[in-house]
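Single-structure report; data block below.
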Number of protein chains: 2
Amino acid sequence: MAEQTGPAPMDRHETAMGLGPLSIFIRKLLNRSRLSTLDQQALANLPYKIQNLDVGTQILREGDRALVCPILLDGFTYRYKVAADGGRQIVALKVPGDALDFQSAYLHTADHDIRALTPVVIAMVPLRAIESLAEDRPAIARALLVDTILEGSIGREWLLNIGRRNAEARLAHLLCELYYRIDEIAGAPLDTYEVPITQEQLADLLGLTPVHINRMLKRLEGKGAIRSGRRLHILDLAELERISDFSDIYLHRNNVPA
Amino acid sequence: MAEQTGPAPMDRHETAMGLGPLSIFIRKLLNRSRLSTLDQQALANLPYKIQNLDVGTQILREGDRALVCPILLDGFTYRYKVAADGGRQIVALKVPGDALDFQSAYLHTADHDIRALTPVVIAMVPLRAIESLAEDRPAIARALLVDTILEGSIGREWLLNIGRRNAEARLAHLLCELYYRIDEIAGAPLDTYEVPITQEQLADLLGLTPVHINRMLKRLEGKGAIRSGRRLHILDLAELERISDFSDIYLHRNNVPA
DNA sequence: CGGCAACTTGACGTTGATCAAGCCATGTGG
DNA sequence: CCACATGGCTTGATCAACGTCAAGTTGCCG
């Protein structure tokens, strides 16, 4: 939980385009929105405080009124809700470059929890700073809106996945999505690729039980699509796409304006 | 499919506050955002074309690039996606006053379909008009963003519902949500209250089959919570809330700024 | 009055949950 | 460097929820 303040560059992250630690966030926005150099600079100059958090650390709690917007620089986090019987459902996964709780600027109380799925590095930005930036710079407001809309689109695909696909396809679909989302933030194309997630977390993501996840992983492994075990590797993306009838249009990967 | 253009008042809708046919839309936004009288006037003066559509009419198709934003004045519509095996999943329900496809202004192609659940009355507003209004008036941009964020919150609750609750609780939960959402747009508090939805549609909403929906409806009826049959009535909201462990915080019903 | 769409009900099948036991890697303290 | 504690993975046996198939029935609209 080491802290670090201000514009000091972090060595764990390539500070592409000389925009400092937040550059991964800005790059992410640029994938789906146009931002002028000035807009990018304004984003890079946002005040922030870096935090390193352990696995499982709670970042937002249902009922909270947040004052900072955490931006994920490294690692993974997830949103989740719990049912009356204690059943957990993960309702969103966030990858590096994502703003974790932009919406708290617009709603009184959080309707879900957020936790670190892996050890994470987070930049805490005061919500007010983001809000006023969005007010002054329409392009930034628009980029943040696009980000929000995109998360909605992913959520809808998850509803289809959980509501209508069987366990094997459901799992394969999630792995495909993870592949593309991580591929997007990685510099070079991914090769054999490792997913840092436990079987229990997969169960909470897919509305299944850990035992059944285990059996499905074995099945996919039998088909040569993945390597399972302590670490989870994607070996044959095309096979996973076939099994889950994957289509990437809901990720809107080609949304960059001309 | 009768059409009607311009500011001619429609007799099917109370034109509260003298803001014309779009007043229900404006009222809806006011439930969660503050808008000045000028903002409200600007919204009321949006150009539109009224359309009456039959049950089942497709309003948006996956892959489309929309140019108009349909605003629902009367009736219900739903967003849905279909899986490879033809299974349908309804991923959102829209009630009167909702903007149906605001997001098309920000994404290249639609990632889902929209259809009329009942006969509907819709105001077609050019997307460009809404976009430029949002650019000129930050409060309006903010109100539309709040609306988008709220839909995301509902989607997350649906993920929990479908992923983690059993069929009976799932159904009860949906009925509670419908009650509150319709209650919000109705002037007076609702009494015995009728849901205009078929069992097949309930199945598509909840990731279940029509037969199983039927059995669960009978079960809820046995507990005196609803009256089922040709029409579906909610008799005992408290019982439904108990069964589904319903909490309304995800609806953010008290989000009006002080 | 006839046709259709939605609802209803029963018998049976399958997917995925539950329960339970054991295994295997990692890391920690002695 | 070993012992053992721990968290996650693995596997089998059994069970329940929900799906499937099929045959009515009901109410509505032309």
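Quick caveat: nothing in here was measured; it's all calculated off a predicted structure. Note on naming: letters A, B, ... go to the chains in the order of the sequence lines (proteins, then strands), and numbering restarts at 1 for each one.
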Please lay out, stage by stage, how Ser104(B) and Asp101(B) fare under the test side-chain hydrogen bond (donor to acceptor under 3.5 Å, both in side chains). CA-CA 6 Å; Ser104(B) 273; Asp101(B) 187 32; 2.5 Å; yes
In this structure, how many angstroms lie between the P atom of dG8(D) and the CD1 atom of Ile213(A), rounded? 15 Å
Determine, step by step, whether Ile122(A) and Asn52(A) satisfy the side-chain contact (heavy atoms from CB on, under 4.5 Å) criterion, reporting the C-alpha distance in whole Å, the side-chain angles of both residues, the deciding distance to 0.1 Å, and the verdict. CA-CA 6 Å; Ile122(A) 285 181; Asn52(A) 290 277; over 6 Å; no
Could you run down the sub-3.5 Å N/O contacts of the protein with nucleotides 3-7 of chain C?
{"residue": "dC7(C)", "atom": "OP1", "partner": "Gln199(B)", "partner atom": "N", "Å": "3.4"}
{"residue": "dC7(C)", "atom": "OP2", "partner": "Gln199(B)", "partner atom": "N", "Å": "3.0"}

Which part of the nucleic acid, if any, lies within reach of Leu208(B) when heavy atoms closer than 4.0 Å are counted: base, sugar-phosphate only, or nothing? sugar-phosphate
Tell me the interatomic distance from Arg165(B), atom CZ, to dC18(D), atom C1', rounded to whole angstroms. 18 Å
Give me the bend of the helix from dC1(C)-dG30(D) to dG30(C)-dC1(D), using the axes of the five pairs at each end, rounded to 10°. 40°
Stepwise, does the side-chain hydrogen bond (donor to acceptor under 3.5 Å, both in side chains) test hold for Tyr250(B) with Glu177(B)? CA-CA 10 Å; Tyr250(B) 75 102; Glu177(B) 176 179 318; 2.7 Å; yes
Any N or O donor-acceptor pair under 3.5 Å from the base of dT20(D) to the side chain of Arg215(B)? yes
Does the pair Arg27(A)/Glu184(A) count as a salt bridge with the N-to-O cut at 4.0 Å? no
I need the CE-C1' distance between Met216(A) and dT14(C), as an integer number of Å. 12 Å
Does Thr57(A) reach the side chain of Val120(A), with side-chain heavy atoms less than 4.5 Å apart? no
Do Tyr80(B) and Arg156(A) have a side chain donor and acceptor closer than 3.5 Å? no
Would you please classify the geometry between the Phe246(B) ring and the His173(B) ring as parallel, tilted or perpendicular, with 30° and 60° separating the classes? tilted
Rounding to a whole Å, what distance do you find between Leu202(A):CG and dT10(D):P? 12 Å
Separation between CG (Leu72(B)) and OG1 (Thr118(B)), nearest 0.5 Å, reads 7.5 Å
Return the value, rounded to whole Å, for the distance between atom CD1 of Ile162(A) and atom P of dG16(C). 13 Å
Nearest whole angstrom, please: distance from the P of dT9(C) to the CD of Glu221(B). 9 Å
Just the rounded figure in Å: distance from P of dA13(D) to NE2 of His212(A). 17 Å
Need to verify one output field. Residue with the more 5' nearest nucleotide on DNA chain D, Arg164(A) or Leu217(A)? Leu217(A)
With sugar-phosphate meaning primed atoms plus P, OP1 and OP2, does Gly207(B) contact a base, only sugar-phosphate, or nothing at under 4.0 Å between heavy atoms? sugar-phosphate
Between Arg170(A) and Leu208(A), is there a side-chain heavy-atom distance shorter than 4.5 Å? yes
To the nearest angstrom, how far is Arg227(B) atom CZ from dT8(C) atom P? 13 Å
